[in-house]
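Computed from a predicted structure; not experimentally measured. The chains referred to below are lettered A, B, ... by the order of the sequence lines, with proteins before strands, and numbering in each begins at 1.
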Amino acid sequence: MLESKISQVVAEAVKELYTLIVEANTIILQKTRKEFEGEFTVAVFPFVKASRKAPEATANEIGSYLKNKLEEIEDFNVIKGFLNLQIKKDYWINFINQNNSESYGINEINDNNTVLIEYSSPNTNKPLHLGHIRNNLLGWSVAEILKANGKKVVKVNLVNDRGIHICKSMLAWLKWGNGETPETSALKGDHLAGKYYVLFDKHYRAEIATMIANGTEKETAEKQAPLILEAQEMLRKWEAKDPETIEIWEKMNSWVYAGFDETYLRLGVDFDKTYHESSTYLLGKHIVEKGIADNVLKKKDDQSIWADLTAEGLDEKLLLRSDGTSVYMTQDLGTAELRYNEFEPSQMIYVVGNEQNYHFDVLKLVLKKLGYDWAEAINHLSYGMVELPAGKMKSREGTVVDADDLITEMENTAYDKAVELGKIEDFDNDEAKKLYHTIAMGALKYFILKVDPQKNMLFNPAESIDFNGNTGPFIQYTYARIKSLLRKAEWNTNVKINHNTSILAKEKDIIRLLHEYPAVIKNAGENRSPALIANFVFELAKEFNSFYQEIPIFKEENEELRNFRLSLSAFTSNVIKSAMMLLGIDVPEKM
RNA sequence: GGUUCCGUAGCUCAGUUGGAUAGAGCAACAGCCUUCUAAGCUGUGGGCCACUGGUUCGAAUCCAGUCGGAAUCACCA
């Protein structure tokens with residue numbers, strides 16, 4: 001790689017010139033700012049103490065050294081303490097001729113270690129909402145980015161298909177459902193389950209209100225309302241494998257799964273393996289028992305078992321209840337072990353909201369305390385909440401943005417826009433439908449993924465997601481434009497650029513961005529951040545549009561120049577497509 | 001209260017891991033379609049990078065404190 005080569009020689013230069021030893025990888029090589037001549041810049045301030053010369057003189061000396069040693073360097077200039085390096089045109093032409101393909105920047109698997117990534121992890125008592133969308137898109141995209149970095153990736157889902165919340169839906173359905181099914185109600189299965197979950201809550205609250213009105217304490221009422229007791233009884237029956245309960249449970253869950261599958265399909269996310277909590281919730285007990293035996297966990301008088309993490313600055317954490325049943329943490333210890341034994345991954349990434357930061361700190365610490373050295377492999381990809389202008393989404397207040405509704409709404413908006421702009425006049429029905437789905441999802445996915453994962457983000461339902469400016473459709477449009485250009489030119493991908501071709505500043509800006517792409521993929525992988533890809537591809541599209549507007553291609557009479565510009569356009573389209581794929585966004589050939 | 005994360009233009013977000021005059025988009029305003037797709041391009045205005053101090057050649061970025069916001073601290077998941 002050119003950058004590391006330059007860093008290497010800079011290190012050599014300061015060693016030879018000033019007997020200063022620096023590691024090549026600590027030398028900061030940055031992109032030269034547009035207002036200056038050159039492609040790469042070295043800040044020489046760190047070397048002036050050793051050179052005992054002014055920054056300018058130091059930069060000049062290092063510059064001369066580099067120019068002599070590196071054939072790729074055409075020339076250099078110095079402004080203040082900044083050494084700007086100009087790279088030979090030959091290097092850039094070769095770069096284009098050798099890399100212009102859809103696979104540029106994407107690595108084949110080059111690492112035998114497996115990376116396991118869990119995302120989605122829905123509860124089966126209600127449909128997916130906007131929060132899940134962020135989770136799914138992030139998880140899927142990070143998986144793709146890691147693959148592009150040469151990792152072997154296994155995508156898993158852990159479906160929370162049991163527990164008190166599911167019993168609430170089941171109970172409400174039994175009581176007030178009159179045998180309603182997705183078929184008879186024309187409701188998606190997950191929405192049907194959600195409907196009864198809400199219904200349960202409504203009646204439950206009414207019971208509590210009545211009890212409070214009759215003089216019961218609020219807390220007692222919440223614990224003793226007949227409905228909640230009934231739901232708890234149902235959970236006990238489920239755990240005892242009562243056939244009737246299991247039957248309803250299976251029926252309801254199967255409706256929900258069908259609903260989820262539909263949403264996942266529209267969203268374009270998938271999994272290599274799906275775990276169900278109903279078959280993992282009992283795991284982990286033996287781990288806890290081993291911890292007791294090894295004396296790293298303690299048992300209290302009431303027989304409950306705890307991990308004491310006060311030495312690590314945290315609290316005590318319950319691992320087994322006094323009645324011997326497990327809690328969430330116990331199960332997570334078990335599933336972590338299960339997965340580790342199954343895949344022996346070098347990394348286990350959990351895409352889970354930042355509300356569970358504490359949980360994962362504890363999970364890691366407990367595993368470490370218990371002596372599992374693979375605890376270090378556990379990696380919580382913690383992402384911020386999606387907030388509405390009024391704050392957090394609250395299902396009780398009906399402010400939850402439903403995933404299916406949002407996707408449909410986006411499709412409608414995309415359709416309206418396309419009609420308004422006269423874009424789909426020569427499209428047949430299927431093509432048009434496909435196009436507005438592609439654009440709708442492009443807008444939605446880009447909107448979510450361009451934001452740094454760890455930050456909370458705001459979604460305003462009143463202002464629908466934009467289609468202009470820094471958006472998915474903007475980038476898709478740029479791609480479609482290039483493809484139209486290439487179709488008209490009957491572009492042949494085998495054409496190589498002549499070395500005599502001159503390169504304009506605007507073109508150089510694009511080449512520099514294209515050249516950066518592999519580094520962006522690497523960075524995005526290390527930081528597990530699709531946002532880095534999103535910001536990069538936006539910048540590339542913006543740069544291309546500016547070039548496209550300003551510099552004629554077909555009107556150019558010089559064939560070499562025309563070919564160069566077409567080749568540059570084709571290269572740009574390849575990188576746009578590839579980067580958008582990493583985000584899970586399709587790009588249309590026409591729009 | 002303890003812990004963690006966040007605070008950058010009116011709004012939504014970047015800021016390449018400490019570098020040059022802090023950038024985009026939206027919104028506002030002014031231009032550009034008989035010329036490769038105007039979902040585009042060009043320009044104008046808009047900033048105490050929450051505040052205070054420290055570290056050094058150099059800080060939006062690192063450290064400490066203050067203020068503001070969020071999350072979390074269950075025999076829930």
Side-chain angles (χ1 to χ4, degrees), chain A residues 28-33 35-36 41 43 45-46 48-49 55 79-82 84 121 123 160 163-165 277 281 300 302 304-306 313-315 317-323 325-329 331-332 353-359 361-362 382 384-385 387 391-392 414 417-418 420-421 423 439 443 447 450-452 454-460 463 466-478 480-489 516 519-520 523 526-527 531-532 534-536 538-539 541-542 545-556 565-566 569 590-591:
Chain A
I28 336 124
L29 195 67
Q30 45 188 327
K31 266 173 81 178
T32 303
R33 296 176 68 119
E35 55 266 44
F36 305 110
T41 296
F45 302 105
V48 296
K49 207 175 260 176
I79 293 163
K80 294 200 250 174
F82 296 93
N84 300 322
S121 314
N123 291 356
N160 186 1
I164 189 74
H165 41 283
E277 223 180 69
Y281 80 106
K300 291 196 175 172
D302 65 359
S304 59
I305 295 176
W306 298 75
L314 303 175
D315 299 320
K317 186 76 194 172
L318 177 86
L319 296 180
L320 277 183
R321 296 190 186 98
S322 49
D323 63 4
T325 56
S326 39
V327 291
Y328 183 43
M329 182 62 71
Q331 178 210 154
D332 253 8
N354 61 15
E355 58 204 351
Q356 293 198 35
N357 286 353
Y358 179 72
H359 173 80
D361 288 347
V362 172
S382 162
M385 301 288 99
E387 287 170 347
K392 245 189 119 171
K417 276 260 178 203
E420 180 193 318
L421 296 169
K423 292 285 182 183
I439 292 171
F447 177 81
K450 76 169 180 190
V451 180
D452 181 356
Q454 74 168 316
K455 289 192 179 168
N456 286 358
M457 62 177 294
L458 189 103
F459 174 78
N460 189 346
E463 309 164 9
D466 231 308
F467 287 72
N468 298 318
N470 187 357
T471 66
F474 169 88
I475 299 161
Q476 290 171 319
Y477 177 66
T478 308
R481 257 180 163 183
I482 297 176
K483 292 313 263 194
S484 159
L485 200 63
L486 298 177
R487 274 192 304 271
K488 281 202 175 135
E516 236 183 282
V520 173
N523 206 325
E526 282 164 2
N527 289 292
L532 297 177
N535 290 320
F536 165 81
F538 170 64
E539 207 182 322
K542 198 161 48 114
N545 277 327
S546 175
F547 155 81
Y548 175 93
Q549 199 83 22
E550 212 168 287
I551 298 167
I553 296 176
F554 289 153
K555 266 207 281 186
E556 176 56 56
R565 288 174 191 163
L566 284 167
S569 303
K590 283 195 291 179
M591 77 180 266

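Following rounding to the nearest Å, A:Asp452 (CG) and B:rU17 (P) show an atom-to-atom distance of 15 Å. Residue A:Glu387 contributes atom CD, which lies 12 Å from atom C1' of B:rC5 at whole-angstrom precision. Atoms CG (A:Leu320) and C1' (B:rC76) sit 16 Å apart, rounded to a whole Å. The interatomic distance linking A:Phe447 (CZ) with B:rA14 (C1') rounds to 15 Å, in whole Å. For A:His359 and B:rC76, the NE2 to P distance is 15 Å, given to the nearest whole Å. Atom CG in A:Leu318 sits about 10 Å away from atom P in B:rA74, given to the nearest Å. In this structure, CD1 of A:Ile79 is placed 14 Å from C1' of B:rG19, rounded to the nearest angstrom. Between A:Phe459 atom CZ and B:rC13 atom P the separation is 12 Å, expressed in whole Å.
The separation of B:rG19 from B:rU61, taken at their P atoms, amounts to 11 Å, rounded to a whole angstrom. Nucleotides B:rC49 and B:rA24 have their C1' atoms positioned 16 Å apart, rounded to a whole Å. Between the C1' atoms of B:rA28 and B:rG46, the separation comes to 10 Å (whole Å). Between B:rU42 and B:rG25, the distance separating the two P atoms is 8 Å to the nearest Å. Comparing the C1' positions of B:rG45 and B:rA30 gives an interatomic distance of 11 Å, to the nearest angstrom. Straight-line distance between the P atoms of B:rU8 and B:rA14: roughly 11 Å, to the nearest whole Å. With P as the reference atom, B:rU16 and B:rC6 are 14 Å apart, rounded to whole Å. Taking atom P in both B:rC41 and B:rG2, the straight-line distance is 50 Å, to the nearest Å.
Taking the side chain of A:Lys542 as heavy atoms from C-beta on, and the options B:rU4, B:rC41, B:rA20, the nearest nucleotide is B:rC41. Listed nucleotides: B:rU4, B:rG19, B:rA77. Nearest to the side chain of A:Glu277: B:rA77. Listed nucleotides: B:rC36, B:rC57, B:rA38. Nearest to the side chain of A:Arg481: B:rA38.
The base of B:rU12 does not come close enough to the side chain of A:Asn470 for any donor and acceptor atom to sit less than 3.5 Å apart. With hydrogens and angles left out, the side chain of A:Thr41 and the base of B:rA20 share a donor-acceptor pair within 3.5 Å. For B:rA20, its base sits under 3.5 Å from the side chain of A:Asn84 at one donor and acceptor pair at least.
Under 4.0 angstrom from either OP1 or OP2 of B:rA14 there lies at least one side-chain N or O belonging to A:Lys455. Between A:Gln549 and the phosphate of B:rA38, there is no side-chain N or O to OP1/OP2 separation shorter than 4.0 Å. Phosphate contact (OP1/OP2 of B:rU37, side-chain N/O of A:Ser484, threshold under 4.0 Å): present. Residue A:Tyr477 places at least one side-chain N or O closer than 4.0 Å to OP1 or OP2 of B:rA39. Remark: A:Lys423 is in phosphate contact with B:rA39, judged by side-chain N or O atoms under 4.0 Å from OP1 or OP2. Between B:rA39 and A:Lys590, no contact under 4.0 Å exists linking OP1 or OP2 to a side-chain N or O. For B:rC13, the OP1/OP2 oxygens have no side-chain nitrogen or oxygen of A:Asn535 closer than 4.0 Å. Here A:Lys488 reaches the OP1 or OP2 of B:rU37: one of its side-chain N or O atoms lies under 4.0 Å away. Between A:Arg487 and B:rU37 there is no side-chain polar atom (N or O) within less than 4.0 angstrom of OP1 or OP2.
In this structure, A:Met385 reaches neither bases nor backbone, as no heavy-atom distance under 4.0 Å exists between it and the strands shown. A:Glu550 comes within 4.0 angstrom of no nucleic acid atom, judged by non-hydrogen atoms across all strands. Across all strands shown, A:Pro46 has heavy atoms under 4.0 Å from base atoms, whether or not it also approaches the sugar-phosphate. The residue A:Lys555 sits close to a base: some heavy atom pair falls under 4.0 Å.
Within a 6.0 Å sphere centred on NZ of A:Lys49, other residues, nucleotides and ligands contribute 12 heavy atoms or fewer.
Shown here, B:rU34 forms no base pair; nothing in the strands shown gives a Watson-Crick or G-U wobble contact with both key distances under 3.5 Å. Within the shown strands, nothing qualifies as a pairing partner of B:rG58 under the Watson-Crick or G-U definition with both distances less than 3.5 Å. Nucleotide B:rC29 is matched to B:rG43 when pairs are restricted to Watson-Crick or G-U wobble geometry with both distances under 3.5 angstrom. Under the Watson-Crick or G-U wobble criterion, with both distances below 3.5 Å, B:rC49 has no partner in any strand shown. Nucleotide B:rA70 forms a Watson-Crick or G-U wobble pair with B:rU4, both donor-acceptor distances falling under 3.5 Å.
With no hydrogens or angles considered, a side-chain donor-acceptor pair links A:Asn545 and A:Thr478 at under 3.5 Å.
Ring orientation note: the planes of A:Tyr328 and A:His359 are close to parallel, at an angle under 30° on the 30°/60° scale.
The two atoms that bring A:Met591 and A:Pro473 nearest to each other are CE-O, 3.8 Å, heavy atoms only. Nearest heavy atom pair, residue A:Phe447 against residue A:Leu458, reads CZ-O, 3.7 Å.
When each of A:Glu516 and A:Leu421 is assigned the nucleotide of RNA chain B bearing its nearest heavy atom, the one mapping closer to the 5' terminus is A:Glu516.
Anti is the conformation of B:rU55, whose glycosidic angle sits further than 90° from 0.
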